[in-house]
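Note that ligands are numbered from 1 as they come in the structure, with each ligand's atoms numbered from 1 the same way. When a residue number appears, it is its place in the shown sequence, counting from 1. All values below come from the heavy atoms of this structure, side chains included, with hydrogens, waters and symmetry mates left out.
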Amino acid sequence: MVFLIIGGSASQKLAAKVARELEENLSPIETRRFPDGERYIRIKDEIPKEAVVIQSTGYPQDENLMELFLILKNLKSLGVERIRVVIPYFGYGRQERRFLSGEAVSAVIVAELLEAAGASEIYSINLHEKNIKEFFHIPVYEISAMPLIANYINETVDNPMIIGPDKGAHGFAQEISEILNCECDHLEKTRISPEKVETKPKKLDVEGRNVVIIDDIISTGGTIVNATKILKDLGANKVVVGCVHPVLVEDALLKIFAAGVDDVFSTDTLRSDVSTISVAELVASYLKKYK
Ligand code: R5P
């Protein structure tokens with residue numbers, strides 16, 4: 001065994017697929033809870049000098065993060081010298097600055113804690129904010145899932161037009177449209193509160209077209225519902241929705257389908273009913289590249 005591959009509770013299937021791609025075995029790790037909810041971790045394999053730990057830190061963020069800290073610190077204290085941490089979905093990535101006085105900048109705090117716990121390198125898929133990388137003093141490799149998403153659209157949607165539901169998603173729509181050589185545009189969204197967004201109607205030439213809305217994260221679904229209503233009102237034929245990270249809190253998926261969306265797909269950075277595109281091969285290729 002060259003290195004340990006450990007899958008945290010949030011990323012077991014993805015970790016198994018990455019291990020298969022790397023032709024390594026997934027390490028048996030015992031992770032359970034004490035009756036009061038506290039997490040118990042035990043690594044059952046022999047301990048080499050190197051490990052790859054795969055764990056998304058999304059919904060429920062705190063539990064997955066705590067488990068990751070326990071795994072990392074444990075590996076470090078068992079003598080592992082290089083711990084490569086794959087965080088397919090980097091939770092706590094939204095608060096990356098102090099908007100109001102007194103606010104905790106949680107992205108910075110999480111970055112510092114990951115380093116202090118023993119991470120040597122971070123690999124993550126489409127970070128929510130680009131500056132998160134700067135919060136670390138260790139290498140951070142950000143991997144784009146857009147080529148995988150473009151490939152999926154190419155196979156499933158006829159003559160698509162790609163729409164970002166807000167300005168922040170325009171880059172994703174553009175990356176895909178360049179790969180597929182198709183049109184793209186974006187809508188203008190204003191966030192009123194964590195649960196409420198407003199989207200401005202815009203004149204878009206989508207009548208009779210198959211439109212694919214692309215975002216990095218779907219959380220409450222509000223952003224997608226608003227965008228879908230606008231596109232349907234403009235006469236779009238099919239509205240398909242794709243994202244990288246399907247956070248999908250509570251009944252988000254129901255709300256999206258109720259708004260008239262024809263299909264929803266995402267990658268498997270998080271487990272969900274719509275996680276049809278696997279990032280395993282892509283992650284494995286980066287782990288090989290920086291071996
Ligand atoms: C915002 O900047 C993100 O890219 C997503 O648009 C947002 O997280 C979606 O949130 P929700 O699904 O709650 O509207």
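- With respect to the salt-bridge test (charged N to carboxylate O, under 4.0 angstrom), the residues K76 and E81 do not qualify.
- At a heavy-atom distance under 4.0 Å, no atom of E195 approaches ligand 1.
- Judged by distance alone, the side chain of D268 and the main-chain N or O of V279 form a donor-acceptor pair under 3.5 Å.
- Within 6.0 Å of CG in D36 there are more than 12 heavy atoms belonging to other residues, nucleotides or ligands.
- Without hydrogens or angle criteria, H245 side chain to I125 main chain gives a donor-acceptor distance under 3.5 Å.
- The two residues N237 and D262 come nearest to each other via the heavy atoms O-OD2, 4.2 Å.
- Listed by number with element, the atoms of ligand 1 under 4.0 angstrom from any heavy atom of D166 are 6 (O).
- A salt bridge does not link E38 to R32: none of the charged side-chain nitrogens sits closer than 4.0 Å to a carboxylate oxygen.
- With respect to K202 and D185, a salt bridge is recorded, a charged nitrogen being found less than 4.0 Å from a carboxylate O.
- Among all protein heavy atoms, the one lying closest to atom 4 (O) of ligand 1 is D216 OD1, 2.6 Å.
- Between G221 and ligand 1, at least one pair of N/O atoms sits closer than 3.5 Å.
- Of the options R191, K189, H245, the smallest heavy-atom separation from atom 10 (O) of ligand 1 is shown by R191.
- Close contacts between ligand 1 and T223 involve ligand atoms 6 (O), 9 (C), 10 (O), 11 (P), 14 (O) [criterion: under 4.0 Å to a heavy atom].
- Close approach of ligand 1 to G222 is summarised as follows: ligand atoms under 4.0 Å from at least one heavy atom of the residue are 12 (O), 14 (O).
- Which of K167, H128, K196 comes nearest to atom 1 (C) of ligand 1 through a heavy atom is settled by distance: it is H128.
- Taking a 6.0 Å sphere around NZ of K13, one finds it holds 12 or fewer heavy atoms contributed by other residues, nucleotides or ligands.
- Close approach of ligand 1 to R94 is summarised as follows: ligand atoms under 4.0 Å from at least one heavy atom of the residue are 8 (O).
- The protein non-hydrogen atom at the shortest distance from atom 5 (C) of ligand 1 is D215 OD2, 3.2 Å.
- Closest to atom 13 (O) of ligand 1, if we only count protein heavy atoms, is T220 OG1, 2.6 Å.
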